[in-house]
Chemist: 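Next up is a structure, given as structure tokens.
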Amino acid sequence: MSRTVIAVDIGFGWIKWFANEGKELSGLFPSVIGESITNRSAGVRGLEDVVGDKSFVIELNQNKRLIGESAAVQSRMRFGAMNETRFADAETVQLFTIAAIESYFRRAARPESNGGFLIVGGIPLASYLNYRDAMQKALTGVVEYSFNGEKLRHVNLQSIILPSPLGPYLDFLLDEDGTAPRTRIYERVGVIVIGTLTTEFTKIIGGENPQPVDEQSGSIHTGLSFVTSRVTRWLKDTHNLNATHYEIDQLMTKNVYKFGRVEFEVVARAALAEAGKSIANQAQTFWGTTNELDAIIVSGGAAKFIAPLVQKELHHPNFIETPNPILSTARGYWKYGRQAPVEL
């Protein structure tokens with residue numbers, strides 16, 4: 001039976017998905033699940049453009065939920081833990097994965113599944129062994145749901161769950177088809193993934209047969225939310241303005257440092273510098289001197305803001321920022337799954 005490979009990177013700030021069927025298909029939406037009440041979900045638009053419109057209404061196990069932007073903006077009640085236990089919650093990972101599949105249908109102009117899906121996802125290394133089996137079980141078999149109030153649908157899933165730091169490493173290492181190395185093979189690589197809530201550090205050895213080194217890997221609770229929290233507090237304390245983390249995130253992504261009429265760039269830049277220094281210090285704590293590493297690969301949704309500030313502290317001679325950092329983990333998952341011997 002034919003299968004479609006879709007990589008789904010379940011982050012704490014954003015869900016990112018990636019596929020390639022002769023052309024790259026991808027999307028992202030806020031990593032939020034919220035209550036769906038008729039008078040609150042009215043006004044949720046369709047999916048004419050997934051990147052511009054990141055909202056979904058999905059009914060699963062007789063529970064109707066808002067997913068993505070609509071949940072972030074409208075829902076008073078949120079579901080799904082904002083820590084590593086979310087990877088073990090079947091409904092959470094299924095909802096995010098279904099939303100990614102529906103985004104894929106729109107982007108690929110496919111009304112329904114033709115065969116099955118191989119979902120390639122990941123879990124932070126520190127929690128990988130604890131939650132891998134539960135996540136894989138949730139993403140294996142037939143899942144029934146309704147989407148945006150339409151008739152019952154079903155998808156047939158198989159899954160591969162990787163340690164998440166392998167995503168950006170494989171994206172950097174492998175060519176577009178995931179079939180062969182496209183660059184020099186490095187034996188010792190440090191991977192830094194700077195996300196919304198956390199930054200993950202992993203040392204990978206072995207070149208073409210990469211293996212994470214557990215004792216030189218870990219995470220800290222420093223990410224873009226460190227910056228957006230500083231900004232939202234400052235706006236409230238000094239101007240009595242109520243801004244959400246999501247609003248500040250979106251403005252900074254557009255290189256806009258103004259909320260209403262209030263400029264917040266000075267506050268944001270100071271917090272970014274502090275975050276960069278903290279991440280660089282932690283990298284040296286995990287890896288000792290970084291000079292023994294052949295390369296440091298940096299990715300994640302907050303990398304575009306913080307990676308240059310980390311390098312300012314580390315001064316590593318081979319500091320590599322992935323070209324599309326927010327999608328790099330999902331692209332690496334897809335490249336792995338493209339060649340994986342899994343049959344549906």
Side-chain angles (χ1 to χ4, degrees), residues 7 9-16 18 28 30-31 82-84 86 122-128 162-172 189-204 212 216-231 245-246 248-255 257 267-287 290 293 295-316 318-333:
D9 176 14
I10 299 178
F12 294 120
W14 297 87
I15 306 299
K16 291 80 66 178
F18 181 87
L28 68 158
S31 181
M82 290 299 287
N83 56 48
E84 285 79 3
R86 65 167 31 193
I123 298 174
L125 186 62
S127 306
Y128 179 69
L162 301 173
S164 59
L166 288 181
Y169 176 80
L170 293 170
D171 183 35
F172 169 75
V189 176
V191 176
I192 303 175
V193 182
I194 310 173
T196 297
L197 292 182
T198 63
T199 294
E200 190 169 0
F201 305 83
T202 305
K203 182 177 180 180
I204 294 176
Q216 291 185 280
S217 304
S219 66
I220 59 172
H221 286 280
T222 300
L224 191 61
S225 64
F226 175 84
V227 180
T228 58
S229 294
R230 186 76 60 84
V231 171
H245 298 285
Y246 179 68
I248 301 303
D249 183 324
Q250 289 294 86
L251 288 170
M252 291 178 61
T253 298
K254 297 172 185 175
N255 201 32
Y257 290 83
V267 177
R269 295 292 182 194
L272 285 167
E274 190 174 334
K277 184 171 291 189
S278 175
I279 290 168
N281 289 341
Q282 193 62 52
Q284 292 171 322
T285 298
F286 281 125
W287 302 329
T290 58
L293 297 172
I296 295 176
I297 300 170
V298 186
S299 72
K304 64 176 288 186
F305 303 106
I306 302 176
L309 301 169
V310 175
Q311 172 62 346
K312 184 178 178 180
E313 301 293 327
L314 294 180
H315 305 289
H316 195 277
N318 199 15
F319 189 88
I320 301 165
E321 297 178 46
T322 56
N324 191 346
I326 196 166
L327 281 176
S328 183
T329 297
R331 282 169 56 95
Y333 291 166

Chemist: I need the minimum non-hydrogen distance between G11 and S31, along with the two atoms involved.
Modeler: O-OG, 2.7 Å
Chemist: Looking at V298 and A307, what are the two nearest heavy atoms and their distance?
Modeler: CG1-CB, 3.7 Å
Chemist: Among all residues two or more places apart in sequence or in another chain, which pass the ring-ring contact (aromatic ring centres under 6.0 Å, His included) test with Y257?
Modeler: F264
Chemist: Quick check: do K16 and T329 have side-chain heavy atoms less than 4.5 Å from each other?
Modeler: no
Chemist: Identify each donor-acceptor pair in which a side-chain atom of residues 193-200 lies under 3.5 Å from a protein atom, sequence neighbours left out, and give them as a table.
Modeler:
{"unit_1": "T199", "atom_1": "OG1", "unit_2": "T222", "atom_2": "O", "d": "2.6"}
{"unit_1": "E200", "atom_1": "OE1", "unit_2": "S164", "atom_2": "OG", "d": "3.2"}
{"unit_1": "E200", "atom_1": "OE2", "unit_2": "L125", "atom_2": "N", "d": "3.0"}

Chemist: What closest approach, in Å, do A283 and I192 show between heavy atoms, and which atom pair accounts for it?
Modeler: CB-CD1, 4.4 Å
Chemist: Supply the atom-to-atom distance T290 OG1 to Q284 CD, rounded to the nearest 0.5 angstrom.
Modeler: 6.0 Å
Chemist: Assess whether side chain to side chain donor-acceptor pair (under 3.5 Å) is satisfied between R331 and T322, documenting all intermediate values.
Modeler: CA-CA 11 Å; R331 282 169 56 95; T322 56; over 6 Å; no
Chemist: Measuring from L162:CG to Y333:OH, what's the distance to the nearest 0.5 Å?
Modeler: 6.5 Å
Chemist: Is there a side-chain contact between F305 and T253 in this structure, where contact means two heavy atoms from C-beta onward sitting under 4.5 Å apart?
Modeler: yes
Chemist: What heavy-atom pair brings E84 and F12 nearest, and what distance separates the two atoms?
Modeler: N-CZ, 4.0 Å
Chemist: Is the backbone N or O of H316 less than 3.5 Å from a side-chain atom of Q311, with the two atoms forming a donor-acceptor pair by type?
Modeler: yes
Chemist: To the nearest 0.5 Å, how far apart are CH2 in W287 and CG in L293?
Modeler: 6.0 Å
Chemist: Around H315, counting heavy atoms of other residues, nucleotides and ligands shown, do more than 12 lie under 6.0 Å from its NE2?
Modeler: yes
Chemist: Heavy atoms, side chains only, cut-off 4.5 Å: are L314 and I296 in contact?
Modeler: yes
Chemist: Given I15, which partner from the list L28, I10, D9 fulfils the side-chain contact (heavy atoms from CB on, under 4.5 Å) test?
Modeler: I10
Chemist: For the OG atom of S328 and the CD atom of E321, what is their distance to the nearest 0.5 Å?
Modeler: 11.5 Å
Chemist: Going from CZ on F226 to CG on L272, what distance comes out if it is rounded to the nearest 0.5 angstrom?
Modeler: 9.5 Å
Chemist: Would a 4.5 Å heavy-atom cut-off, applied to side chains only, mark L224 and M252 as touching?
Modeler: yes
Chemist: Is there side-chain contact between W14 and D249, with at least one heavy-atom pair below 4.5 Å?
Modeler: yes
Chemist: Assess whether side-chain contact (heavy atoms from CB on, under 4.5 Å) is satisfied between T202 and Y169, documenting all intermediate values.
Modeler: CA-CA 10 Å; T202 305; Y169 176 80; over 6 Å; no
Chemist: When you measure from the side chain of D171 to the backbone of G167, do you find a donor-acceptor pair of N or O atoms at a distance under 3.5 Å?
Modeler: no
Chemist: Decide side-chain contact (heavy atoms from CB on, under 4.5 Å) for I306 and I279; before the verdict, give the C-alpha distance in whole Å, the side-chain angles of both, and the deciding distance to 0.1 Å.
Modeler: CA-CA 9 Å; I306 302 176; I279 290 168; 3.8 Å; yes
Chemist: Closest approach of I297 and P168, non-hydrogen atoms and distance?
Modeler: CG2-O, 4.4 Å
Chemist: What residues, two or more places apart in sequence or in another chain, satisfy ring-ring contact (aromatic ring centres under 6.0 Å, His included) together with F286?
Modeler: F201
Chemist: Within this structure, what is the CG-NZ distance for the pair N324 and K304, rounded to the nearest 0.5 Å?
Modeler: 10.0 Å
